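Letters go in sequence order (proteins before strands), and every chain restarts at 1. Being a predicted model, the structure only gives us computed values, none of them experimental.
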Amino acid sequence: MATQAHSLSYAGCNFLRQRLVLSTLSGRPVKIRKIRARDDNPGLRDFEASFIRLLDKITNGSRIEINQTGTTLYYQPGLLYGGSVEHDCSVLRGIGYYLESLLCLAPFMKHPLKIVLRGVTNDQVDPSVDVLKATALPLLKQFGIDGESFELKIVRRGMPPGGGGEVVFSCPVRKVLKPIQLTDPGKIKRIRGMAYSVRVSPQMANRIVDSARSILNKFIPDIYIYTDHMKGVNSGKSPGFGLSLVAETTSGTFLSAELASNPQGQGAAVLPEDLGRNCARLLLEEIYRGGCVDSTNQSLALLLMTLGQQDVSKVLLGPLSPYTIEFLRHLKSFFQIMFKIETKPCGEELKGGDKVLMTCVGIGFTNLSKTLK
Amino acid sequence: MEAKDQKKHRKKNSGPKAEKKKKRHLQDLQLGDEEDARKRNPKAFAVQSAVRMARSFHRTQDLKTKKHHIPVVDRTPLEPPPIVVVVMGPPKVGKSTLIQCLIRNFTRQKLTEIRGPVTIVSGKKRRLTIIECGCDINMMIDLAKVADLVLMLIDASFGFEMETFEFLNICQVHGFPKIMGVLTHLDSFKHNKQLKKTKKRLKHRFWTEVYPGAKLFYLSGMVHGEYQNQEIHNLGRFITVMKFRPLTWQTSHPYILADRMEDLTNPEDIRTNIKCDRKVSLYGYLRGTHLKNKSQIHMPGIGDFTVSDVSFLPDPCALPEQQKKRCLNEKEKLVYAPLSGVGGVLYDKDAVYVDLGGSHGFQALDEVGSTHELVQSLISTHSTIDAKMASSRVMLFSDSKALGSEDIDNQGLLMPKEEKQMDLKTGRMRRKAVFGDEDGSGDSDDEEGDEMSEDDGLENGSSDEEAVEEENAEVTDECMTAKGVKRRKLEELEEDSEADLPAFADSDDDLERSSAEEGEAEEADESSEEEDCSAGEKGISGSKAVREGSKAELSPANHQRDRVNLEKSLLMKKAALTTSDSGHCTAEEVFASEDESEESSSLSAEEEDSENQEALRKKLLKPSQVGSGQKLGSRNLIDETSDIEDLLKEEEDYKEERNDPTETSGALKWKEDLSRKAAEAFLRQQQAAPNLRKLIYGTVTEDNEEEDDTQEELGGLFRVTQPDRGCKHKADSLDCSRFPVEAPHDWDLEEVMNSIRDCFVTGKWEDDKDAAKVLAEDEELYGDFEDLETGDVHKGKSGPITQNEDVEKEVKEEIDPNEEESAKKKHLDKKRKLKEMFDAEYDEGESTYFDDLKGEMQKQAQLNHAEFEDQDDEARVQYEGFRPGMYVRVEIENVPCEFVQNFDPHYPIILGGLGNSEGNVGYVQMRLKKHRWYKKILKSRDPIIFSVGWRRFQTIPLYYIEDHNGRQRLLKYTPQHMHCGATFWGPITPQGTGFLAIQSVSGIMPDFRIAATGVVLDLDKSIKIVKKLKLTGFPYKIFKNTSFIKGMFNSALEVAKFEGAMIRTVSGIRGQIKKALRAPEGAFRASFEDKLLMSDIVFMRTWYPVSIPAFYNPVTSLLKPVGEKDTWSGMRTTGQLRLAHGIRLKANKDSLYKPILRQKKHFNSLHIPKALQKALPFKNKPKTQAKAGKVPKDRRRPAVVREPHERKILALLDALSTVHSQKMKKAKEQQHLHNKEHFRARQKEEEEKLKRQKDLRKKLFRIQGQKERRNQKSSLKGAEGQLQ
């Protein structure tokens, strides 16, 4: 018998997505124990269960075992299948929670993935769909994942707690990825943004735009913030508004920041002006951190570098987020890959904080699901 | 005579020579050839049709592009592993002799017995691993997968044997390595002509198999049992210069052809249980791609394993160092074959084996000489780094006071060693500087550890006896480093007072903070890291970092204590140092202590320690001050040595050194800032890198949970719960990829805003990108020109930079060499850039997509080579994995004991690396074709042995064929001459991998053994193969077009499932299932396109999914006892089983073939309806009158009744006519007779007439003859008369 690759074991529900995604890609089973074992409400939450269900939908032959209390999860990955899928995400987390993992998996399916996700498009916890569309998709394009069918469309917006949003994500399939050398972030040439409002006065969006511009105008004149007011069925089930900003550089790097209003009935009401200003500041923070990949997509970039051919890939990042740091550790345990990490001090130039240059040799990953014709 | 025998010269009328002559002749006549025709008659060659022109152009382009291969990144290592040469052939063909001759040819050594692979150095840049391959098909398959070159020996006196063809086919399937045929036994031919013919025949057959023009070598005969030297030499040359094409499988998987095996199992375990699983270490050159530690491998013939440890060893058969000479000297002609007992010294991770074989003794000595350092290094690794660390620590602590004078003496002696270090590792001094810079304490352990490891790796001077001395040496190192540090520190202190903190300080905090959230457990680590970080990145091996991390977690208290100790020891060293440094020492110490106290206040755990430290320090300061006066002389010595060190440093250090005089002189103060900044930038770099690396990979281990498991239980029921530390709550915290801003900047402040100014296009640009600057530079470059018309001379102004440079040059003339170098470099850079620009311009016209792609690949290859080039192997291995070309030792656990017990060195042991999820199993779909030489066809569900990827295994395939609509229909047997699909349950192997199938690997079969070949198409976890299922039913009630049908289903539910399905009668009437009926269970109503008969049978064609038995049985041939390795037999087919047990298959009577008895069929007549008949044209109308059976009564004639009179008349007439006819008959006869008589008479007359004429003619001729004779006579007479 072929010995099944020995499974990896973890405790706690944190980084669940990473573990399951990497397990799927590496083909190694994973066992996660003590999921909120000491919690009053032990076990997997709704949104995690929904995520596991989503994985089950896009794979073929996965084995998922959850014990009665939901505190232990055993996941033996199958092959990524893809195709047309629909999924109702939990409203506890945004669609970004699911989409982030899908972005990692989608290029390695058997059939091109076309998925309809329903739930919360913009919330305060997860990266919103707008931001992912503006930052993650161009990042994937750097790796050679491209084509007509590669798109992320927001059909309806849904804000927490009600949700009711809908996005369509489709991604072509690749056999191998290109290595990247992203060491020059370039200079920011324009800032774009999207101020959205649903089930509130359309004026909110305009107020956000004005306040955000007031801060950003000091740096660069080329700013355009779109206002997006969705009505009727397209506006979801709860009111809310927010802003996402994206700075594009001359070399095709996208840095983003976003802020959303408090969900209805939770926390104090937020003034749109405050929100706009704070979001602009967040963008400046992000620019200060800098790098060729913005902080939410660090792990995605590192993953795709790992899954490249056996060539050297380089990427310049801002400070590593805790999520990324844990992701690097997971990459090591799943793929036995270590990154060369060099800190690039900011030096004399006025370009924000320290940068980290990550270098690795890809593992020579090939898409085992894709059919040869 | 001779002249007559010679042939006359005949002019050639055809052939190249004649043509040439003709051409020359024509040219002489000024008629010209075809080329000229084009000139002569341009119209004839003009474009006749644009379309055709386009087509022909298209075609040439197509042909051109077809020649292109997809460019791939060149991933061949700089020092490639030895080339695997497989010597293959049927038995008794001369394989071993050839190997022996080749080895003797390359190394001048004679190996008596060859077992396993033999590695030899064959040239300056090439090594060979030669291995023999017998005709066991297992071995053939395994070796075909790793071979780079196959020497295929063919017995010319016999001709090709099946093994040769089998091996060729195996090679073809698993990527085609280079194949060179070698014909042997050529001396057995008596006649030269026969030899020639045989050679030609074999050559052409070989060409059809390999490729036309493939090299076939002839070994003409044996001399004293060996091949002729010259021929072997030529063969060797061919092998040495051969080029190889990369093979897909080999370049995408790491693999090792093991040339040595050691059993590492605990002997006690073996004693208690001889069958226990073994732990073995295998050695060999790594080939293919990078091998990662802990990765999955497959050993063909044994099974799947996870590598428990990999380490690289010094190359036992290294290539000679680069020298400019043509050939190797005797010393460099190495041979390494541990399985055959050759190779002299065998190095291991923790042992060295020296083979004192009689004949090879001198060889071993040689190697020791050449690789002396390596041996030493390995000896030194006898004790682990841990042990050394421990010992060094103790040493330092115990005789800290005795350091003073001794080390200075030692220093002078040991200096050269030090220098060597520097040469090898330029940045080494920097790290030391850093170590002193931060709080200084706590670094010593790392520092020492580094030194130890580096010493191990590089200096090799240390043996166990010399440990003490070494310690001393290190202490001196320590001193020196501390001294360097001190200087810098002093500077920094000075500068700190002047300049404010640099901007990066807070950003660094950011990093730290983000990591600090991660929990208390990590905090402790971090604190240690903060100290460690300064110790530099280079020497810290990963393993060490891990160990440290784990230690920190497991026993923080212990660690703390250690650190205190270390700090103390270090302080003592410092104290010793300060003895020499008279002036600044006190101030510096105070500062240092302050720093430390600050640190410790932040980390509450360290508070005590810092107090201790301070106390210690004070204690130690006193004697140092006392001793300062005495040791001035020694101090000078130190200074000198440090100067030497400094010379060897890099730029930063250089600058630093430069500052020394400034410190003393007080001049050139403006430069201080520069150096400081440089130093700081450098320091930070040094700190942060290991910091982050350790933070990520080093400290956090995943086995926190293990602790919990081991918690003791109370009474077997309850568990002692301990309050969780930070890591626990981290484990269950929110899973979010966002990176929240912890300490937002105040973006209203001008300086904060300025900190990101340059991130925008509106900010300042780099020099090489700033448009204005680039323009200026261009002017500078191309600005000098003289306008020839006007005579004006334009001068490009020398930019401010150059001016600056000039100024700088003036200022620091003494440091010129450096400057010069940089200038040279700049110049070179500029040149290169210009060249690139020119190239780009020049190529622009022709650069195609293909060229671009190729360029890209080349660039990537360059980057791949350059990226980790300057790092030492230890670090490189961590990032890249073990790279091909390294000699590695692989430890594997849980190997079946039979592998060790039945180890046969003749059989190759291959460790094939597996990619991700290639260790898993699933359904594998392939395109398969039965081999045309295989006599039988293959049956679905018969077990068969596949060789896919690295693996050989038995499995049960299903054959199928894909219908036009994509349905995969099961086949009982493989088609004869066609591809079909095959699916089995087994290990997942990447798509595009070739495979072959054999029915049995045991014994020798007379026929061709390879049953089928093909390629993997798809991998999945489920299959969709279906087989046809016909359900039949019978009508029991027939309406017009509707019938009720029973017998097809058993229940209404089943019917419901098939509602709307198409059904058909055997006669071809189509219909549809409508609805289930209540009455007989399973009956249904169906409608048809016509009325059914009760005799009709109704059937429905359905497809039933089949399942594949999940049977995967690796061929474990290597586990068989020695001598029986080719007897592996797995699951038997049902046919074999039946044969073995003598079970006859009971045939179904219905299936038997019987003679077909057909009843005569009576068809009813064709009936055309009247209406139709009427409408038909006359031609097609049935012709009824043709039959005309009955005449209607009205038409019928009445019967004639005669009168008696009439009757009499009739009778008379009858009689008369009878008489008349009789008369006529008689007359006719008479006439006939008469005629006959007449004819006879005439004939007689004729004859007589002929006779008469004959006689007459006779007479006439006689007379004529006589007359002629007479005439002749008379003429003769006349002539004679005339003569007379």
Side-chain angles (χ1 to χ4, degrees), chain A residues 1-3 5 11-17 26-27 36 60-61 78-79 100 125-127 179 187-189 219-220 281 284-285 287-288 295-296 299 310-312 319 321-323 325 328-329 332 336 338 340-343 345-347 349-354 359 361 364-366 368 371-372, chain B residues 73 75 252 289 292-296 304 504 507 510-511 514 518 681 684-685 688-689 692-693 696-697 705 730-733 735-739 741 744 747 754-762 860 863-864 867 878-880 916-917 919-921 987-988 990-992 1017-1022:
Chain A
M1 290 291 292
T3 50
C13 68
N14 203 0
F15 310 113
L16 178 83
R17 284 181 299 160
S26 69
R36 301 198 182 86
N60 180 20
L79 284 169
E100 274 186 299
V125 187
D126 292 300
K187 289 189 186 294
I188 292 163
K189 60 178 180 185
F219 293 94
I220 191 163
R281 285 189 190 120
L284 294 178
E285 287 287 352
I287 291 167
Y288 181 84
S295 58
T296 46
S299 55
Q310 298 210 319
D311 290 321
V312 170
S321 68
Y323 188 80
I325 288 173
L328 283 168
R329 288 178 197 143
K332 182 156 192 261
Q336 290 94 36
M338 244 173 97
K340 186 168 138 192
I341 304 160
E342 292 164 288
T343 313
C346 54
E349 291 159 336
L350 303 173
K351 281 195 173 177
D354 284 2
T359 312
V361 181
F365 183 85
T366 53
L368 285 178
T371 308
L372 188 76
Chain B
V73 179
R75 298 198 181 90
S252 59
T289 52
K292 296 242 161 58
N293 208 345
K294 310 270 181 232
S295 58
Q296 281 229 310
D304 275 18
F504 52 69
S507 71
D510 258 1
L511 269 183
S514 65
E518 303 211 341
R684 285 171 20 72
Q685 210 171 332
L692 259 181
R693 208 190 110 171
I696 292 164
Y697 294 121
E705 302 86 56
K730 189 192 80 180
D732 278 341
S733 66
D735 178 15
C736 176
S737 67
R738 268 213 201 161
F739 187 12
V741 179
W747 290 103
N754 279 338
S755 67
I756 59 166
R757 245 336 146 195
D758 286 350
C759 292
F760 295 87
V761 281
T762 48
Q860 183 68 45
L863 182 74
N864 290 353
E867 183 57 34
Q878 297 233 318
Y879 295 129
E880 294 183 305
N916 280 299
S917 61
N920 296 351
V921 284
I988 280 173
Q991 302 91 337
L1017 291 183
D1018 196 11
L1019 310 163
D1020 214 333
K1021 294 277 183 184
S1022 58

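Proximity of a side-chain donor or acceptor of Asp311(A) to a complementary backbone N or O of Val73(B) within less than 3.5 Å is not detected. Checked by atom type and distance alone, the side chain of Lys292(B) never pairs as donor or acceptor with a backbone atom of Gln878(B) at under 3.5 Å. Using modelled atom types, no side-chain atom of Ser1022(B) and backbone atom of Gly61(A) make a donor-acceptor pair closer than 3.5 Å.
Side chains of Ser26(A) and Asn916(B): a donor-acceptor N/O pair is absent below 3.5 angstrom, by distance only.
Looking at Gln860(B), the atoms closer than 4.5 Å to chain A (heavy atoms on both sides) all sit in the side chain, from C-beta outward. Both the backbone and the side chain of Ser737(B) come within less than 4.5 Å of a heavy atom of chain A. If you measure heavy-atom distances from Ser299(A) to chain B, you find no contacts under 4.5 Å at all. Using a 4.5 Å cut-off between heavy atoms, Arg738(B) touches chain A through backbone and side chain atoms alike. When heavy atoms are compared at a cutoff of 4.5 Å, Glu100(A) approaches chain B solely by way of its side chain, counted from C-beta outward. For Asn293(B), the part lying under 4.5 angstrom from a heavy atom of chain A is the backbone only. Interface remark: Phe365(A) contributes side-chain atoms only to the contact with chain B (heavy atom separation under 4.5 Å).
Heavy-atom pairs under 4.5 Å with chain B peak, among Asn60(A), Thr296(A), Val361(A), at Asn60(A). Comparing Val741(B), Asn754(B), Ile988(B) by heavy-atom pairs within less than 4.5 Å of chain A, the highest count is held by Val741(B).
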>> Walk me through whether Gln991(B) and Leu1017(B) qualify under side chain to side chain contact (heavy atoms under 4.5 Å, CB included).
In response: CA-CA 5 Å; Gln991(B) 302 91 337; Leu1017(B) 291 183; over 6 Å; no

>> Under the criterion side chain to side chain contact (heavy atoms under 4.5 Å, CB included), I'd like the reasoning laid out for Arg757(B) against Phe219(A): C-alpha separation, chi angles, the key distance, then a yes or no.
In response: CA-CA 7 Å; Arg757(B) 245 336 146 195; Phe219(A) 293 94; 3.7 Å; yes

>> Before you tell me yes or no, could you show the steps for Met338(A) and Arg693(B) under side chain to side chain contact (heavy atoms under 4.5 Å, CB included), namely the whole-Å CA-CA distance, both residues' side-chain angles and the distance that decides it to 0.1 Å?
In response: CA-CA 9 Å; Met338(A) 244 173 97; Arg693(B) 208 190 110 171; 3.8 Å; yes

